[in-house]
Amino acid sequence: MKNNKYIITAALPYTNGDIHIGHLSGVFLPADIYNRYLKLNNKDTIFISGSDEHGASILIKSINENKSPIDIINKYHKKIKYNLRIFKISLDNYFRTSNKIHKKFALKVFYKLYKKNFFINKDTYQYYDNIKKIFLADRFIIGICPICNYNNAYSDICDKCGTTLKIGDLINPISILTKKEPILKKTNNLFLIFKKEYIKYLYSKYKKLNFNKKILKYIYNFIKIGIKKRSITRDINWGIYIKKINKFKRKVIYVWFEAILGYISSTIDLSFKRNINYIRYWKSKDTKLINFIGKDNIVFHSIFYPIIIKNYNKNYILPYYINVNEFLKINGEKISTSKNKGIFIGKFIKYLPKYIDSLRYTLIKEMPINKDSNFTWDKFKYHNNSELIGILGNYFNRIINLIHIKLNGYIPKNKKINKYDKYILNKVNKNIKNIDKYILNYNFRMAINKFIDISRIGNKYLSMTSPWKVKNNEYIKKILYVSLEILKIIIRLSYIFLPYTYKKFLKILNINESNLVNNKIVFPLKHKINKPKIIFFYITDNFLNRIRLIFK
RNA sequence: GACGUAAUAACUCAGUGGUAGAGUAUUGGUCUCAUAAUCCAAAUGUCGGGGGUUCAAAUCCCCCUUACGUCACCA
């Protein structure tokens, strides 16, 4: 167990816009908490992610904005990377798929599979915009649905009647780029085939590993209905060109195929940066690979990735667990980067820089673990004011103030404790065990509930023992000693959930990381703490209304 | 349509066979160390509906209703 290594991955965000609270709540925060928890327990872990920078959507965005795709990805990659850092997502590396290292690796995998005759070749007809000279993905064509006559149907599906359409079905198709009728052009692409036996093998493997039901059912369904071949090359001029194969040298690798290799190339990059051969991790039986993804990504991680990587090199490991989250909505509405709908992180940082931990907290509390969840500014206010200030911040402040008032700011020494003190400390310990359990079960919502509950226990203890009422100095010291024991635990755990708050706590207690011995805070002899400072900021109704306007 | 997920107090959710739980909101009280925060107490539910298994069901099985999600070129 001790030699276990961990690779934690967070799904690569697509660089057609800034990341939003859905990315944080669904992917980056759960991965971050898990990683921080492992680090707190001295596990050997690397936490990897990066930007997904190819694909039709970026190309389309660049055409619409009259910029080059490179401008688009550079802009958003920089922005996303910065925002993740501000939100203290504890990534070891945030890479990008447009980087040489990634391209090289993706092509290496691609060529090897090609040589093994792993792909099949097939002619298809596809819509082509003769003015822009590009092939058009299905959703860039609209026209009249042949079934219900709806005039805004996409070429693959009609939103109104739900009919699945095939190329050529749509009446009067037009390209949304040029508003002109596209032509149907013959093209030849490579496809990947999925063998049922292998999917069955994956299914049984995942079952043994106790995978999420969601994934198991999903795969089970694929086994039942079969999984169609899937194109892995594309006729667009943005992506990784397949230079070495003459027949396909003008085509690019389909983005899904290379994006899921991004975790590995990100690790290669990290190895260069730190001069440690992290790539070993990917081929070691002692490594647990844990993917954190949104529900839109299940098929790529649970089926496609294993097939691709195992056929490239069978020594690569398969996921040990895939944590899938649902989607976070805002006021009941779906978030959409391409429609610019959502609360974007860059904007949040700009307007509410003091509330990073409050947002982290809210997003963990509202994490869409087994069903879509809903973010509202009222919840944000409630979590900030009633829980972070009222319970946690308040508990911290009470003790700091009492130490100053009663003990001139000096930390009390160890004291003999009685039955009730023990009872309270036991209760706290139970909560710690529960937090462990919940984090290891990927239930971060419950974990943070138990975290805040520790402050509740502490507040209760203070009220019950009321040291401010008493003159007996020894009694006061004992109460504050026990309270500090509880506080120390809260502070250690805040490293996982609330990184900014963690640092503020340490500062006020006048200590730093060097005061951590075996993961526990140990105060120096005759230690004096600093004066209390405001940690969380109150949100008034007025302020909340202003926030609402800004993010409308 | 297929597949899946859910339905528990006013709200947000815990609770995988043994007398219905927490937080918020409400009402009453308490404290004054604390960012009017804390703490105590009260009240609130035939656990979506119907059937079945069982000594015992929110929990297991079947049917129905309702809501939501996915359904392959979308990254």
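Predicted, not measured: the structure shown is a model, and the values here were computed from it. Lettering of chains follows the sequences in order, A, B, ..., and the numbering in each one begins at 1.
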Inset, instruction - For A/Gly390, report the nucleic acid contact type (base, sugar-phosphate, nothing); a contact means any heavy atom under 4.0 Å. - result: sugar-phosphate

Inset, instruction - Determine which pairs satisfy salt bridge (Lys or Arg N to Asp or Glu O under 4.0 Å) with at least one residue from residues 456-469 of chain A, sequence neighbours left out, and list them in order. - result: A/Asp453-A/Arg456

Inset, instruction - Ignoring backbone atoms, test whether A/Lys460 places a side-chain nitrogen or oxygen under 4.0 Å from the OP1 or OP2 oxygen of B/rU38. - result: no

Legend entry - Closest to the A/Ser57 side chain, choosing from B/rC33, B/rC74, B/rC39: B/rC74

Inset, instruction - Using the salt bridge (Lys or Arg N to Asp or Glu O under 4.0 Å) rule, collect all pairs that involve residues 49-58 of chain A, keeping only residues at least two apart or in two chains. - result: A/Glu53-A/Arg96

Inset, instruction - Considering only atom P, compute the distance from B/rC61 to B/rU70 and round it to an integer number of Å. - result: 26 Å

Inset, instruction - Counting Watson-Crick and G-U wobble pairs whose two distances are both under 3.5 Å, find the runs of 3 or more in a row that involve RNA chain B. - result: B:1-7 with B:65-71, B:10-13 with B:21-24, B:26-29 with B:39-42, B:48-52 with B:60-64

Inset, instruction - Sort and list the pairs that fulfil salt bridge (Lys or Arg N to Asp or Glu O under 4.0 Å) and have at least one residue in residues 291-305 of chain A, not counting sequence neighbours. - result: A/Lys295-A/Glu326, A/Lys295-A/Asp372

Legend entry - Residue list, salt bridge (Lys or Arg N to Asp or Glu O under 4.0 Å) with A/Arg398, at least two apart or on another chain: none

Inset, instruction - Evaluate the ring planes of A/Tyr263 and A/His301, with Trp represented by its six-membered ring, and classify them as parallel (under 30°), tilted (30 to 60°) or perpendicular (over 60°). - result: tilted

Inset, instruction - Can you sort out the partners of A/Thr97 under side chain to side chain donor-acceptor pair (under 3.5 Å), two or more places apart, ordered by chain and number? - result: none

Legend entry - Quiz item: cation-pi between A/Lys415 and A/Tyr481, 6.0 Å / 45°: no

Legend entry - Nearest-neighbour nucleotide for the A/Ile389 side chain, B/rC68, B/rC33, B/rU35 considered: B/rU35

Legend entry - Residue pairs fulfilling salt bridge (Lys or Arg N to Asp or Glu O under 4.0 Å) with at least one residue in residues 384-393 of chain A, sequence neighbours excluded: A/Lys365-A/Glu387

Please produce a list of atom pairs where a protein N or O lies less than 3.5 Å from an N or O of nucleotides 6-15 of chain B.
residue : atom : partner  : partner atom : Å
B/rC13  : OP1  : A/Arg445 : NH2          : 3.3

Legend entry - Interatomic distance at C1', B/rC62 relative to B/rA57, whole Å: 15 Å

Inset, instruction - Answer with base, sugar-phosphate or nothing: what part of the nucleic acid does A/Asn16 contact at a heavy-atom distance below 4.0 Å? - result: nothing

Inset, instruction - Quick one: list whatever passes side chain to side chain donor-acceptor pair (under 3.5 Å) with A/Thr9, sequence neighbours left out. - result: A/Asn291

Contact list (N/O, under 3.5 angstrom) for nucleotides 22-26 of chain B vs protein:
residue : atom : partner  : partner atom : Å
B/rG23  : O2'  : A/Tyr382 : OH           : 3.1

Inset, instruction - Only counting residues at least two apart or in another chain, list the ones meeting salt bridge (Lys or Arg N to Asp or Glu O under 4.0 Å) with A/Lys488. - result: A/Glu485

Legend entry - Near-parallel close stack of A/Tyr538 and B/rU35 base (under 5.5 Å, under 30°): no

Inset, instruction - Using the closest heavy atom to pick a nucleotide of RNA chain B for each, name whichever of A/Ile535 or A/Asp52 lands nearer the 5' end. - result: A/Ile535

Legend entry - C1' gap between B/rG48 and B/rA43, integer Å: 24 Å

Inset, instruction - Name all residues meeting the side-chain contact (heavy atoms from CB on, under 4.5 Å) criterion together with A/Tyr410; count only those two or more places apart in sequence or in a different chain, and write none if there are none. - result: A/Asn408, A/Lys528

Inset, instruction - Would you kindly compare A/Tyr218 and A/Lys533 by the position of their nearest RNA chain B nucleotide and give the one closer to the 5′ end? - result: A/Lys533

